[in-house]
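Here is the structure we will look at.
For the numbers below, each heavy atom of this structure counts, side chains included, while hydrogens, waters and symmetry mates do not. Per chain, numbering begins at 1; letters A, B, ... match sequence-line order.
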Number of protein chains: 2
Amino acid sequence: MPVSIADVARHAGVSPSTVSYVLSGKRSISEDTRRRVRESIQVLGYRPHAGARALASSRSNTLALVVPLRSDVHVPVAMRFAVSVVTRARDLDHDVLLLTQAEGADGLRRVAGSSMVDAIIVMDVEIDDARIPVLRELALPAVLIGVPADTDGLACVDLDFTEAGRICVRHLAALGHRRLAFVGEPPAVYERRTGFAERTLAGFREAARELGGPAPAVLPCEQTRAAAERAAADLLRDHPETTGLVVQNEAAAEPLVAALRAAGRSVPGDLSVVAIGADDVAAAVTPALSSVGLPAEELAERAVDLAVRGLDGGTPTGVTLLPPTLVDRSSTAAPPRRA
Amino acid sequence: MPVSIADVARHAGVSPSTVSYVLSGKRSISEDTRRRVRESIQVLGYRPHAGARALASSRSNTLALVVPLRSDVHVPVAMRFAVSVVTRARDLDHDVLLLTQAEGADGLRRVAGSSMVDAIIVMDVEIDDARIPVLRELALPAVLIGVPADTDGLACVDLDFTEAGRICVRHLAALGHRRLAFVGEPPAVYERRTGFAERTLAGFREAARELGGPAPAVLPCEQTRAAAERAAADLLRDHPETTGLVVQNEAAAEPLVAALRAAGRSVPGDLSVVAIGADDVAAAVTPALSSVGLPAEELAERAVDLAVRGLDGGTPTGVTLLPPTLVDRSSTAAPPRRA
DNA sequence: CGACGCTGTCGAAGCGCTTCGATTGCGGTG
DNA sequence: CACCGCAATCGAAGCGCTTCGACAGCGTCG
């Protein structure tokens, strides 16, 4: 039942090495031979043995993907990344080994040490991530989706969240808003210093500062309906002057807006809202939220490309920040005129 | 940098085969030798080469996991399965290769044919799933999470959804409810005949029939807030006599109940609601919903166990149905007395 | 027209591991 | 005391593939 390269070679009347070269294209093979070999492969249903191949070529054609399993990351977004990574990897003839956060640094050492994978892609990176030093010592290409403090010797891909924060402020400012507020991720996300959250806030604050006026309110928020409702109440009570709101929290966006409207605030009549995150969730809110989308598919593709490309020509390095774009929907308008 | 078994053998003053036997435990080795070998492994930082091992032993110690990426499966639930599968696999010293639905039957053939994996676990199985025949011909252990029509030669693990449907009815009936309704998964889920949805409905209908009276209303429902609100409105308009409601749709449960309450119906005062699905989402609704939980972790564990155990002692076969349990929360009570 | 450089192919040497005899000392048995 | 069986170990033969060096044939150039 197991067809080997030798079987194919015999069937095609060539040597095993020729079959190998047909498959890899690393040496020129006559048109005729190539055809015969391909036919034999077809007829016999030959599939190269992945282990043997990895052994002989020291290439497994497999990528490791570390997915987060924290309760405070938005699962559908993480899943979009994961699926996009797999899809892109397959396009480049690679497979994906799934690791959980829980495996930690040891897991990385294990899969790298046993040559199971050619490169590692890590999601949900913290500013001072414990896995960074390990990744660096591993001598495998590593690509982070997210940007840590020290990016030396690593490849990082992310949305330019700092700019995303700024863009939201500028968009609101251009409409005339001066009193802004920010509803963000759960406190734990900031506490462990997750790159994207921290950077967004930095960009938001920086742009808000340039606007002048008092520092805007910033409210972290758990990913639950109840927390979002609480945030809405807090906002209306403690910062009633707010006319422009930026929300970075996929789970809270809808209930937050719903709560604001339930409290009698019109969006965007009284309060303009801009979201940062998955575009589909922003678009699904009533009213559809203007938003800076998270291009998960593109980020994932870039990450895979870097990982696979990195396999030849040295470990890839450097930070790739995708430019954010704000899609204008029906949740932003000029602020109400002062009474 | 790459330490091989020969290096370890030299360092420990034994032959490579002895090192191998220390690692595998397949032959008795003296306490003393074992210790020396272990030390050398430690000191040199040896990791067996996965490919070489797979080649020599025809065992990859890797499982393939096929995850669904349909828009109509609840992503967090799928993720819980996936993470649980990986976790359990690691406990049994296996890794997990991630395949997407999109890879389809060819993907299965590929990973099986190239000996990348020792077994395959498939989620989101349909009653007449196109992958079933492929799985059967593959001669690798295959474990399905879900139950197709023909389970010959396959191992299947699932919650007993038929019984889950019945239990909900019985629970409501015991409280005195006679007029029931069912809000289910998106229409597409039924159209492609996904096992769990179809079985739940069958159990529900069967138990409802035994209650006597007219056939209960069944409303499929997309996984959006708007759809859930529509379902609530439809229910109140077309089936106002309903006092007991069963919901199998993680995304719709909360908005559905919210809409019913917004329409002036008290839960459980006017309407009792039982959910089927992830326990955490049911518990998070206001009021917390009585529910039949989906034991994703346990199902995943069983699936992995079957897959790995199946590796020795022939392909595992047979259907394992976990008994459902209803957790009583605050969403069910006696129906209102007739006016 | 001999040397040269291609192109297309082959053979053989590994890659690092497992596993199947075979071998060597033992203590114990009859 | 010759013999047996068992525990502990070794050596060698692969597993299926890639890749390097050789080499045969052939058109070309000086």
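Comparing B:Glu31 and A:Thr18 by the nucleotide of DNA chain D that holds the closest heavy atom to each, the one mapping nearer the 5' end is B:Glu31.
Rounded to whole angstrom, the span from the CZ atom of A:Arg10 across to the P atom of D:dG16 amounts to 11 Å. Distance B:His49 NE2 to D:dC15 P: 19 Å, rounded to the nearest Å. Rounded to whole Å, atom P of C:dT7 lies 18 Å from atom CG of A:Asp32. Taking atom CG of residue A:Asp7 and atom P of nucleotide D:dG16, one finds them 9 Å apart after rounding to whole Å. When rounded to the nearest whole Å, the span between CE of A:Met116 and P of C:dC15 equals 21 Å. In this structure, A:Leu55 atom CG and C:dC15 atom C1' are separated by 4 Å, rounded to whole Å. Atom CG of B:Asn61 and atom C1' of C:dT18 are 13 Å apart (whole Å). One interatomic measurement links the two molecules: CG of B:Leu23 to P of C:dC17, which rounds to 9 Å at whole-angstrom precision.
At a cut-off of 3.5 angstrom, the base of D:dT19 holds no donor-acceptor pair with the side chain of A:Arg27. The base of D:dC20 is paired with the side chain of A:Tyr21 by a donor and an acceptor separated by under 3.5 Å.
Inspection of the B:Thr194 and B:Arg192 side chains reveals an N or O donor paired with an N or O acceptor under 3.5 Å. With hydrogens and angles left out, the side-chain atoms of A:Arg59 and A:Ser57 include no donor and acceptor closer than 3.5 Å. A donor and an acceptor atom, one from each side chain of A:Thr62 and A:Asp95, are nowhere located under 3.5 Å apart. Using modelled atom types, one finds no donor on one side chain facing an acceptor on the other under 3.5 Å when comparing B:Thr87 with B:Ser84.
For the OP1/OP2 pair of C:dG16 and a distance below 4.0 Å, the side-chain nitrogens and oxygens of B:Ser4 include no atom meeting the criterion. Look at B:Ser15 and you won't find any side-chain N or O under 4.0 angstrom from OP1 or OP2 of D:dT9. OP1 and OP2 of C:dT19 both lie 4.0 Å or more from every side-chain N or O belonging to B:Ser57. The phosphate of D:dA8 (OP1 or OP2) has a side-chain N or O of B:Ser28 nearer than 4.0 angstrom. Distances shorter than 4.0 Å separate none of the side-chain N or O atoms of A:Ser17 from OP1 or OP2 on C:dG11. Checking the phosphate oxygens (OP1, OP2) of D:dT18, no side-chain nitrogen or oxygen of A:Ser24 falls inside 4.0 Å. For B:Lys26 and C:dT18, the shortest distance from a side-chain N or O to OP1 or OP2 is not below 4.0 Å. OP1 or OP2 of D:dC17 lies within a sub-4.0 Å distance of a side-chain N or O belonging to A:Tyr46. Look at A:Arg53 and you'll find a side-chain N or O under 4.0 angstrom from OP1 or OP2 of D:dT18.
Which of D:dT18, C:dC10, C:dT9 sits closest to the side chain of A:Ile5 comes down to D:dT18. With C:dT9, C:dC17, D:dC17 as the candidates, the nucleotide lying closest to the side chain of B:Ala56 is C:dC17.
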From CA spacing to verdict: side-chain hydrogen bond (donor to acceptor under 3.5 Å, both in side chains), B:Ser17, B:Ser20 = CA-CA 5 Å; B:Ser17 51; B:Ser20 178; over 6 Å; no
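In this structure, A:Glu297 and A:Arg88 have side chains that are not in contact, with every pair of non-hydrogen atoms separated by 4.5 Å or more.
Counting non-hydrogen atoms under 4.0 angstrom, B:Ser58 reaches nothing in the nucleic acid.
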